[in-house]
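Take a look at the structure set out below.
Counting convention: from 1, in listed order, for ligands and their atoms alike.
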Amino acid sequence: MTGPLLPRRSILLGAAALAGTARAQRIVDLHLPGGPSQRPTSSAWPQKGEMIVQRARPPLLETPFEVFGQGVFTPNDRFFVRWHWGDIPTSIDAAAFRLNVRGHVARPLSLSLDELMAMPRIEYAAVNQCSGNSRGYFEPRVLGAQWGHGAMSNAKWTGVRLKDVLDRAGVQPGAVAVRFAGLDQPLVPDGPDFMKSLDLDHARDGEVMIAFLQNGEPLPLLNGFPLRVIVPGWFSTYWMKMLSDIEVLTAPDDNFWMAKAYRIPDTPGANVAPGAKGFATKPISRMIPRSWITSHADGARVTAGRPLPVRGIAMGGDAGVKSVALSVDGGRSWADASLGRDEGKYSFRRFEAVLPPPAAGALSLLPRCTSTAGVTQSMEPIWNGGGYLRGQVEPTRIMVA
Ligand SMILES: Nc1nc2c(c(=O)[nH]1)N[C@H]1C(S)=C(S)[C@@H](COP(=O)(O)O)O[C@H]1N2
Ligand SMILES: [Mo]
């Protein structure tokens with residue numbers, strides 16, 4: 001059971017490790033419509049390769065889009081990073097680490113990593129996507145981190161069922177929700193500690209995981225070493241990193257991060273007209289299907305009169321990818337792409353097609369995913385003031401010459 005794959009090794013980074021003062025390596029243009037569009041990249045963050053620096057403190061590191069064209073799993077050192085508060089531990093003593101389970105339970109627990117890793121394991125692939133992924137493309141522009149499409153990543157996760165841990169603690173009758181907190185702390189004294197919760201039934205569905213391996217390796221510190229919550233099919237705001245505390249609640253959670261932040265309009269598709277007021281809101285939850293071309297960057301040039309091979313990645317959101325169709329005529333006609341290997345319903349899935357030789361001129365490649373739940377990406381833009389749940393068909397414009 002022991003071995004280099006288990007997170008027994010402590011993580012100890014230098015005091016300046018998370019200061020993010022590195023010089024820019026490269027400038028990338030995210031083609032954001034409403035504001036400054038260029039971002040520096042850096043490889044200076046611990047355990048990270050070249051990442052787009054959206055913000056240095058707390059670190060918001062975006063995965064450069066070309067990484068998604070290289071494989072359906074995002075390497076750990078290119079996996080995106082997002083933290084709310086700057087006070088993130090730079091050293092974690094794996095031997096002393098404990099996961100506490102408390103609240104409305106028969107037996108409060110204080111579990112060591114060894115105890116957790118001795119429990120039955122599960123493993124599956126799942127896309128971790130920030131609620132605000134692609135926010136920078138919202139028109140009109142909205143407040144918040146101006147992410148391109150790289151606030152998402154896919155990994156194979158290994159860990160234990162949250163249900164098994166809850167059963168070990170013995171959830172008492174009258175419990176309704178399960179709340180998670182991690183080791184990071186607010187930088188300001190009255191800042192609300194980052195906490196998220198799930199309804200008890202969801203927490204006990206046997207899929208929600210406490211993960212200790214990401215693509216077969218201990219989690220990078222910035223992705224939550226030594227433990228994080230995986231809520232497959234749901235946006236990553238619930239995927240608590242550096243998980244240290246699980247509290248079983250007898251009333252719905254009204255903490256700031258549930259009651260005030262991360263809420264979407266309770267309207268079809270979470271869509272509202274810019275400036276609309278007076279609609280009800282609800283916590284963001286399930287993801288929706290999305291797809292992107294990865295074989296061609298926006299503005300790429302291709303040769304006229306030759307068959308055009310196109311590749312991309314798709315996700316089903318809270319279900320698998322049923323099909324991906326491609327259009328080059330603005331959505332009047334669609335042709336099915338062939339799908340790559342099925343890595344599980346919560347994973348990215350590759351698609352590819354060879355399009356008939358295009359004529360010279362500007363061409364818009366439109367990929368459109370339909371999930372196994374029967375949801376198809378919309379052609380119309382989605383808009384809400386939080387910049388959440390973008391899911392419309394994303395065009396890639398190329399030049400045929
Ligand atoms: N402890 C902790 N967990 C957290 C957060 C946080 O600020 N602190 N942010 C959440 C949000 S909003 C996102 S998008 C994901 C980002 O996960 P990643 O950094 O591994 O990509 O972590 C989630 N879990
Ligand atoms: Mo997020």
Side-chain angles (χ1 to χ4, degrees), residues 18 20 45-48 51-55 57-64 67-68 73-89 92 97 99 126-136 143-157 159 179-187 191-198 208-215 217-232 234-246 255-258 260-264 283-285 287 386-390:
L18 301 182
W45 267 270
Q47 303 172 291
K48 290 288 158 186
M51 301 293 291
I52 299 169
V53 183
Q54 284 280 5
R55 193 196 292 157
R57 204 162 181 230
L60 268 61
L61 309 178
E62 174 163 345
T63 302
V67 173
F68 302 114
F73 292 109
T74 315
N76 289 357
D77 70 344
R78 312 302 294 283
F79 201 101
F80 91 100
V81 171
R82 193 260 192 270
W83 292 87
H84 289 83
W85 295 113
D87 189 355
I88 306 164
I92 292 194
F97 178 88
L99 170 63
V127 173
N128 176 33
Q129 184 184 207
C130 181
S131 314
N133 190 27
S134 317
R135 182 186 285 125
L143 291 175
Q146 301 296 303
W147 296 108
H149 296 307
M152 60 173 188
S153 293
N154 185 38
K156 193 166 281 176
W157 306 97
R179 177 157 73 191
F180 313 111
L183 291 176
D184 47 326
Q185 292 290 323
L187 270 185
D193 193 10
F194 186 69
M195 298 189 289
K196 296 296 291 192
S197 56
L198 297 175
V208 177
M209 185 196 300
I210 301 173
F212 45 76
L213 297 180
Q214 173 178 338
N215 293 322
E217 301 278 346
L219 281 54
L221 181 101
L222 288 172
N223 299 112
F225 180 90
L227 299 176
R228 88 175 300 170
V229 178
I230 307 298
V231 188
W234 280 42
F235 283 101
S236 51
T237 180
Y238 297 93
W239 299 35
M240 186 63 63
K241 297 191 284 189
M242 286 187 187
L243 175 73
S244 58
D245 188 71
I246 298 177
N255 105 75
F256 174 84
W257 299 101
M258 293 297 294
K260 299 274 190 290
Y262 287 105
R263 297 185 69 89
I264 56 172
I284 195 165
S285 60
M287 298 193 288
Y388 294 142
L389 226 82
R390 187 177 172 100

- On the 0 to 90° scale, with breaks at 30° and 60°, tag the Trp157-Phe79 ring pair as parallel, tilted or perpendicular. perpendicular

- Message: For Tyr262 together with His84, are the ring centres under 6.0 Å from each other?
- Response: yes

- Task: Heavy atoms only: give me the nearest Trp83-Leu60 pair and the separation to one decimal.
- Result: O-CD1, 3.6 Å

- Within the side chain of Asn76, is there an N or O that forms a donor-acceptor pair under 3.5 Å with the backbone of Gln214? yes

- Query: In Å, rounded to the nearest 0.5 Å, how long is the span from CG of Leu389 to CZ of Arg135?
  - Reply: 11.5 Å

- Query: Can you pull the residues with any heavy atom under 4.0 Å from ligand 1?
  - Reply: Phe79, Phe80, Val81, Arg82, Trp83, His84, Asn128, Cys130, Asp184, Phe194, Leu222, Asn223, Arg228, Ser236, Thr237, Trp239, Met240, Lys241, Tyr262

- For the residue pair Phe194 and Trp257, categorise the inter-ring angle as parallel (less than 30°), tilted (30 to 60°) or perpendicular (more than 60°). perpendicular

